[in-house]
Amino acid sequence: MHKIDMDLVEMTLDVMKYTIDRISNVTPELGSPKKEEELFELVGETITPKGIGGEVAFKMFKDILVKATVPIDHPRHLAFVPAAPSRAAIMFDLVTAASSIHGAYWMEGAGGIFCENQAMKWLVSLTGLPKGSFGVFTSGGTAANLSALVTARETWRSKNPENKNLKSLLLTSNGAHSSVKAMAKVMDADVEIIDCPDENLQGHALQSAITKLKGEDRKRLFAVVATGGTTNAGIIDELDTIADVCQKEDLWLHVDCAYGGGALAAPSVRHLFNGIERADSITIDPHKWLFSPYDCGAVIYKNIELAKEAHSQKGSYLEIFKDEGAQGFNPADYQIQLTRRVRGMPLWFSLAMHGTDKYRESIERGITLAKIAGEKIESRENLELVRPPSLSVVLFRRKGWSPSEYRDWTYKNHKEGLALVTPTKWRKGDDYETISRFCFINPETTEEDIDIILDSME
Ligand SMILES: *Cc1c(COP(=O)(O)O)cnc(C)c1O
C-alpha cells in the first residue's frame, strides 16, 4: 500500500494540481447539498474488495461530491461564521498530514509542538493574561469549552470535599453559544441562563442572578461563562464587571471567544475586551477568524497547571512520555483528547510567513466590511439595520418581509450560486423577529459583493 510507484507519483501531482487550482480560485463554485440517494445514484458503491482506483475515486470527488459542498471561503458566503483559511495555512495543512507527527506528547512531537507553542504564545499575548498562562490547540470551540469547564469543575471540587457530592451548576447568558449547554450535558452539569435583553451580559445582571440563587444552588455554582463576541450578533459581554463579580464570589470565569477571539488582534476593537485578562480560561477558534483550515480551536488557561490536574491521562504504557528524558510540553495533558494532530501547525506557518501585522490588517478588514455594509444598508430605502454592526456581524431587516420571504431569498441565492446569507432571529418586544445577518471573515470579500447581495433584496 505504501510502495512508491508511478501511480502514486501521478496521484500526488493530481492532488497538488487540484489543491493549487482550488486555493487560487477566489470564487469557487457555491455548491449545494443533494440527498444521499441522489449522490449514491451518481457515484455508486465506492468501497469494494478490489478498490475502484485512485483516479476514479478522485474524479468522482472533483466532478460530483465536492460540488455537493458549500465552500466556506467564498467571498459571498456570509452565513453562520464562515472562514477564509490563508493559502499558506492550507498548504501547510498538507505538510502537517504528510509529516505524520503525533501531537500528544513532546517526546514524539517536539518539533511540531514547538511550532504550535510559538503560535500559542502570540494568542496568549493577545489576551493580556499574566505570566504562567498558556494553552493548547483543540479540535474546535466545543472541545475547548469542554476542556476549560472540566478544568473549572475539577478545581472547584478540589477546593472542598463536599463539592464532589453536588451536581454542579454554571451560569451563562442567552447570548452564549449552543455548545456551552451541550457540553454541560456531557459533563452532567446544570446550566442557568441569565436572560439579557440585548444578549449582553453585565456584572450587575450576573450579581443579581447569583444573589437570587437558592442557598443549595449557590453551593453548586462553579463557573460563569461569558462570551467575547456572540455568534449571532458579535456582542461582547461586559468582561470587566463580570470579572469583578467572579472575583468577589470566588467563581471560575470562562470567556468564550471562539468566534470573536481574532478581534483581540484588532486595535480598533481591542478595548471592548477589557477584563479578559482576568479570565481563568478562554476559548479562541483559529478556524473562525484567524485564517486556519478546519479544524483548529484553542483553549487558554490562566493557570495551566490546573488543566493538567484535570486532564492528564494515566496509563502504564504512557509513563515513558512523562519521563525525564522526554521533558517538555505535553498537549495531551491540558485538554480532552489524547492522540492529536498538531493542528496549530498551519496557523504557525501562516503567522510565520505573513507576520502578525498582516493578521491584524486582515481581521480589521472584516470589521470594516461590516461597517461598510451597515452604511450601505442604511442608505437603501427598503433596508434597515436592526442594531449597529458589532465586530464583523451585521443584523438587518428587509422592510416588509415575512420569515418565509427571508427563507425563499436565501434558497434562491444559494441555488443560483450567487451567495449564502441565512436568516436569524432577534428579539422584538416579547417575541422574536426573523431578520437577515452578515458575518464577514474573508478579507477578499469586496464592496461589490455586498452590493450584489443587497441588490438581490430589491
Ligand atoms: C462556533 C462557536 C463555538 C463552537 O466552536 P466549534 O469550533 O464549532 O466547535 C463555541 N462558542 C462560540 C461563541 C462560537 O462562535
Side-chain angles (χ1 to χ4, degrees), residues 70 72-73 77-85 89 93 123 127 135-150 152 170-187 191 193-194 196 199-201 223-239 242 253-264 269 272-273 276 279 281-300 335-337 340-341 343-344 346-347 363 366-367 370 390-395 422 424-425 437-441:
V70 182
I72 40 101
D73 59 338
H77 184 322
L78 306 179
F80 320 115
V81 177
D93 207 33
L123 281 189
T127 66
V136 278
F137 292 100
T138 63
S139 63
T142 303
N145 284 343
L146 178 59
S147 299
L149 291 173
V150 166
L170 69 87
L171 274 176
T172 190
S173 81
N174 53 335
H177 187 262
S178 52
S179 62
V180 172
K181 261 199 230 169
M183 291 307 99
K185 204 187 276 178
V186 170
M187 294 166 63
V191 179
I193 306 280
I194 305 169
C196 308
E199 293 189 2
N200 177 234
L201 180 63
V224 171
V225 180
T227 312
T230 60
T231 321
N232 196 27
I235 294 167
I236 299 157
D237 287 340
E238 206 176 86
L239 301 176
I242 292 170
L253 172 58
H254 177 65
V255 184
D256 181 1
C257 299
Y259 152 63
L264 289 165
V269 292
L272 300 174
F273 292 89
I276 196 167
S281 54
I282 299 170
T283 290
I284 300 176
D285 264 2
H287 68 204
K288 279 185 173 156
W289 209 358
L290 288 168
F291 317 109
S292 284
Y294 294 146
D295 43 22
C296 183
V299 58
I300 299 171
Q335 42 77 48
I336 58 170
Q337 198 173 354
R340 64 183 280 282
R341 181 182 182 83
R343 58 184 78 250
L347 172 67
I363 294 157
I367 295 166
S390 196
L391 295 182
S392 67
V393 180
V394 187
L395 299 182
T422 47
T424 187
K425 288 193 170 142
R437 171 180 172 278
F438 287 153
C439 179
F440 294 98
I441 296 287

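Both ligands and their constituent atoms are indexed starting at 1 by order of listing.
- When every heavy atom of L253 is checked against every heavy atom of A226, the shortest pair comes out as CD1-CB, 4.1 Å.
- Relative ring orientation between Y294 and H287 is described as perpendicular, the plane-to-plane angle rising above 60° on a 0-90° scale split at 30° and 60°.
- Near Y259, with a cut-off below 4.0 Å to any heavy atom, the atoms of ligand 1 are 15 (O).
- Remark: distances from the non-hydrogen atoms of G297 to ligand 1 are all 4.0 Å or more.
- The closest heavy-atom contact to atom 8 (O) of ligand 1, among the options T283, T142, V255, T230, comes from T142.
- Residue contacts with ligand 1: T227 is placed with no nitrogen or oxygen under 3.5 Å of a nitrogen or oxygen of the ligand (distance criterion only).
- Listed by atom number, the atoms of ligand 1 under 4.0 Å from A258 heavy atoms are 2 (C), 3 (C), 10 (C), 11 (N), 12 (C), 14 (C).
- Between V180 and L170 there is a side-chain heavy-atom pair separated by less than 4.5 Å.
- For the residue pair S173 and D237, the shortest heavy atom distance occurs at OG-OD2, 4.4 Å.
- With H254 as reference, T283 is the one residue of T227, V224, T283 to meet the side chain to side chain contact (heavy atoms under 4.5 Å, CB included) rule.
- Near G140, meaning under 4.0 Å from one of its heavy atoms, ligand 1 places the atoms 7 (O), 9 (O).
- Contact atoms of ligand 1 toward K288: 1 (C), 2 (C), 3 (C), 4 (C), 5 (O), 14 (C), 15 (O) (distance under 4.0 Å to a heavy atom of the residue).
- The distance criterion of under 3.5 Å between nitrogen or oxygen atoms is not met by V81 with respect to ligand 1.
- For the residue pair Y259/S392, the side-chain donor-acceptor check at 3.5 Å is satisfied.
- Shortest non-hydrogen contact noted between I284 and G262 is CG2-N, 4.4 Å.
- Remark: minimum distance from atom 4 (C) of ligand 1 to any protein heavy atom is reached at H177 CE1, 3.3 Å.
- Taking all atoms of both residues into account, the shortest heavy-atom contact from L391 to A370 is O-CB, 3.7 Å.
- Between A148 and S281, the closest heavy-atom pair is CB-OG, 3.5 Å.
- Listed by atom number, the atoms of ligand 1 under 4.0 Å from H287 heavy atoms are 7 (O).
- Near T231, with a cut-off below 4.0 Å to any heavy atom, the atoms of ligand 1 are 12 (C), 13 (C), 14 (C), 15 (O).
- Nearest to atom 11 (N) of ligand 1 among the protein's heavy atoms is D256 OD2, 2.6 Å.
- Ligand 1 places these atoms under 4.0 Å from at least one heavy atom of D285: 5 (O), 6 (P), 7 (O).
- Nearest protein heavy-atom contact of atom 6 (P) of ligand 1 is G141 N, 3.3 Å.
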